[in-house]
Enquirer: 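First the structure, then my questions, so here it is.
Values below: every heavy atom of this structure, side chains too, minus hydrogens, waters and symmetry copies. Whatever order the structure lists them in is the order used to number ligands and atoms, beginning at 1. None of the values given here were measured: they were computed from a predicted structure.
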Amino acid sequence: MDARRSYEALGVSEAVFNYAQGVLAKLHDRFAKIDEIAECNQAKVLAAMQKHRVSAACFAATTGYGYDDLGRDTLEKVYAACFGTQAALVRPQITCGTHALAVALSANLLPGDELLSPVGAPYDTLEEVIGIRPSPCSLKEYGVTYRQAELLPDGGFDFDAIAAAINEKTKLVTIQRSKGYATRPSFSVAQIGRLIAFVKSIKPDVLCMVDNCYGEFVELSEPSEVGADMIVGSLIKNPGGGLAPIGGYICGTQACISRCAYRLSAPGLGQEVGANLGILPALYQGFFLAPTVVASALKGAVFAANLYEGLGFRVIPTGSEERHDIIQAVELGSREAMLAFCKGIQAAAPVDSFADPLPWAMPGYEDEVVMAAGAFVQGSSIELSADGPIRPPYAVYFQGGLTWYHAKLGILLSLQKLVDKNLAELPAL
Ligand SMILES: *Cc1c(COP(=O)(O)O)cnc(C)c1O
């Protein structure tokens with residue numbers, strides 16, 4: 001086999017290649033499990049597409065109001081069928097994941113209602129949506145209060161604290177599946193199901209929303225199949241399969257989704273308007289590819305965890321842990337190591353491989369941030385990317401890879417850059 005030569009031409013030394021192949025040799029069973037899940041999820045997507053008779057007519061572009069848009073309406077039925085919900089809102093007019101979450105929350109919370117996060121602090125950008133950090137048009141400005149129950153020190157749910165936090169005002173519970181850029185564990189669909197059951201046992205009419213970002217197709221089922229009233233995510237992450245150029249989704253009960261549609265467009269209009277602008281082929285094909293794309297990203301994450309763990313770095317999740325999302329954190333211990341790692345990811349990219357990722361003061365963040373991404377879709381994080389705030393413990397968050405081989409090359413080059421600068425040492429063979 002001459003893969004070694006191919007990698008050599010891309011700048012990977014024989015020593016790095018050999019170490020990596022040794023790591024890979026032990027991952028057969030993990031990879032087989034990932035493929036098995038992808039196979040089942042592929043069947044799920046295909047069944048949904050066939051059930052709703054996806055045809056070439058669904059790919060036609062519409063403009064203007066977009067009344068009777070067959071392609072848009074069918075895509076929403078496909079998402080709903082695949083994720084086991086009554087209804088779905090899947091639109092290019094939903095600009096990103098944060099927007100989808102903001103729509104879902106503001107559509108289903110009214111003045112005087114309270115929002116509860118039973119899993120500690122939410123994703124960074126939601127702080128302004130909720131009003132934890134003061135922001136114009138936040139839920140707080142509209143009279144929606146917020147409460148959170150912290151996780152236990154081991155990352156588990158604090159059921160006593162959650163029970164104590166639920167009161168007569170509690171209307172909606174928001175559960176973030178992925179750890180995002182925090183160090184808590186991500187939650188399995190089964191764990192989320194138990195949490196939802198607990199919340200509903202205390203207050204049956206409370207709405208449960210799951211921030212599903214980075215979690216789609218990682219497991220055999222989604223949180224909507226274990227009781228969530230709404231699941232929400234971004235199309236430039238998992239379900240867009242790398243092809244969707246923009247968009248977000250909300251899948252859930254008809255009652256919740258109708259309100260989301262009225263919030264997104266206007267009261268009275270709801271889901272009836274919203275031209276597709278010609279991007280539906282990418283949304284359909286991306287959804288079709290998503291299970292295998294997610295599998296590639298997962299293999300990359302598992303490989304990176306084991307590769308770096310073997311060199312003595314702390315990795316979250318560990319090399320042997322089960323996965324609930326596609327994010328892998330690696331604690332590199334220094335600014336130089338973070339920069340070297342990101343340089344390697346960047347050098348492996350199909351786009352902008354010649355760029356040098358430099359730290360910068362990103363708006364909204366306290367510390368400088370370094371990012372590596374060479375993506376076809378700007379900002380897409382289902383494509384191979386790495387980033388992190390430059391502060392102890394100097395962790396990079398690594399995710400994506402449209403193909404496993406690209407993810408592998410990125411990880412090999414990240415290690416190569418570290419080895420070249422004496423920031424990592426290969427074990428003696
Ligand atoms: C990415 C992400 C979001 C926000 O999505 P954007 O598309 O970046 O606005 C929200 N929650 C989690 C857990 C995420 O990973």
Side-chain angles (χ1 to χ4, degrees), residues 89-106 115 117-130 132-133 135 137-139 148 151 155 173-189 191-192 209-219 222-223 228 230-242 244-251 264 283 286 290 294 297-298 301 316-317 323-329 362-365 369 371 373 375 377-389 395-400:
L89 194 61
V90 187
R91 307 265 166 149
Q93 287 83 9
I94 300 177
T95 54
C96 61
T98 304
H99 185 200
L101 289 158
V103 167
L105 291 172
S106 56
L115 169 66
S117 170
V119 295
Y123 193 74
D124 235 59
T125 56
L126 281 195
E127 292 187 349
E128 281 169 292
V129 171
I130 295 167
I132 300 170
R133 275 187 283 152
S135 177
C137 299
S138 67
L139 290 170
Q148 80 189 30
L151 293 168
V173 166
T174 179
I175 301 165
Q176 187 180 309
R177 177 172 174 182
S178 165
K179 66 179 167 299
Y181 300 126
T183 45
R184 71 154 169 91
S186 297
F187 303 122
S188 69
V189 172
Q191 277 176 301
I192 291 171
M209 181 192 88
V210 174
D211 175 350
N212 209 25
C213 282
Y214 287 131
E216 298 91 349
F217 298 124
V218 170
E219 298 184 39
E222 302 295 334
M230 285 186 283
I231 60 171
V232 183
S234 164
L235 299 196
I236 65 167
K237 293 181 181 171
N238 303 16
I246 191 171
Y249 77 86
I250 309 169
C251 295
L264 178 67
L283 267 51
V294 169
L298 276 174
I316 309 156
R323 304 273 147 173
H324 308 303
D325 62 28
I326 63 167
I327 299 178
Q328 180 63 47
M362 212 173 125
Y365 290 82
V369 173
M371 292 188 167
V377 171
Q378 306 271 304
S380 166
S381 47
I382 185 61
E383 296 186 53
L384 190 64
S385 48
D387 44 67
V396 288
Y397 295 84
F398 158 93
Q399 68 268 312

Enquirer: Of the side chain and backbone of L126, name the one, both, or neither that has a heavy atom under 4.0 Å from an atom of ligand 1.
Expert: neither
Enquirer: If only side-chain N and O atoms count, and only distance matters, is there a donor-acceptor pair under 3.5 Å linking S234 with Y214?
Expert: no
Enquirer: What atoms of ligand 1 come within less than 4.0 Å of a heavy atom belonging to Q176?
Expert: 13 (C)
Enquirer: What heavy-atom pair brings G379 and I236 nearest, and what distance separates the two atoms?
Expert: O-CD1, 3.8 Å
Enquirer: Considering heavy atoms of the protein only, find what lies nearest to atom 11 (N) of ligand 1 and give residue, atom and distance to 0.1 Å.
Expert: D211 OD2, 2.6 Å
Enquirer: Any donor-acceptor pair under 3.5 Å linking the side-chain atoms of S385 with those of Q399?
Expert: yes
Enquirer: Between K237 and E383, is the closest basic N to carboxylate O distance under 4.0 Å?
Expert: no
Enquirer: Which ligand 1 atoms are under 4.0 Å away from a heavy-atom of C96?
Expert: 7 (O), 9 (O)
Enquirer: Does G180 come within less than 4.0 angstrom of ligand 1, counting non-hydrogen atoms of the residue?
Expert: no
Enquirer: Which protein non-hydrogen atom lies closest to atom 2 (C) of ligand 1, naming both residue and atom, and how far is it?
Expert: K237 NZ, 2.3 Å
Enquirer: Is there a polar contact between ligand 1 and T98, counting only N or O atoms under 3.5 Å apart?
Expert: yes
Enquirer: For atom 7 (O) of ligand 1, what's the nearest protein heavy atom and its distance?
Expert: G97 N, 2.8 Å
Enquirer: Salt bridge or not for R133 and D124, using N-O below 4.0 Å?
Expert: yes
Enquirer: At less than 4.0 angstrom from any non-hydrogen atom of L101, what atoms of ligand 1 do you find?
Expert: 10 (C)
Enquirer: Minimum heavy-atom separation for A290 and N238, please, with both atom names.
Expert: CB-O, 3.4 Å
Enquirer: Pull out every atom of ligand 1 sitting under 4.0 Å from any heavy atom of Y214, numbered as shown with elements.
Expert: 15 (O)
Enquirer: Tell me, with the steps shown, if S138 and E128 meet side-chain hydrogen bond (donor to acceptor under 3.5 Å, both in side chains).
Expert: CA-CA 6 Å; S138 67; E128 281 169 292; over 6 Å; no
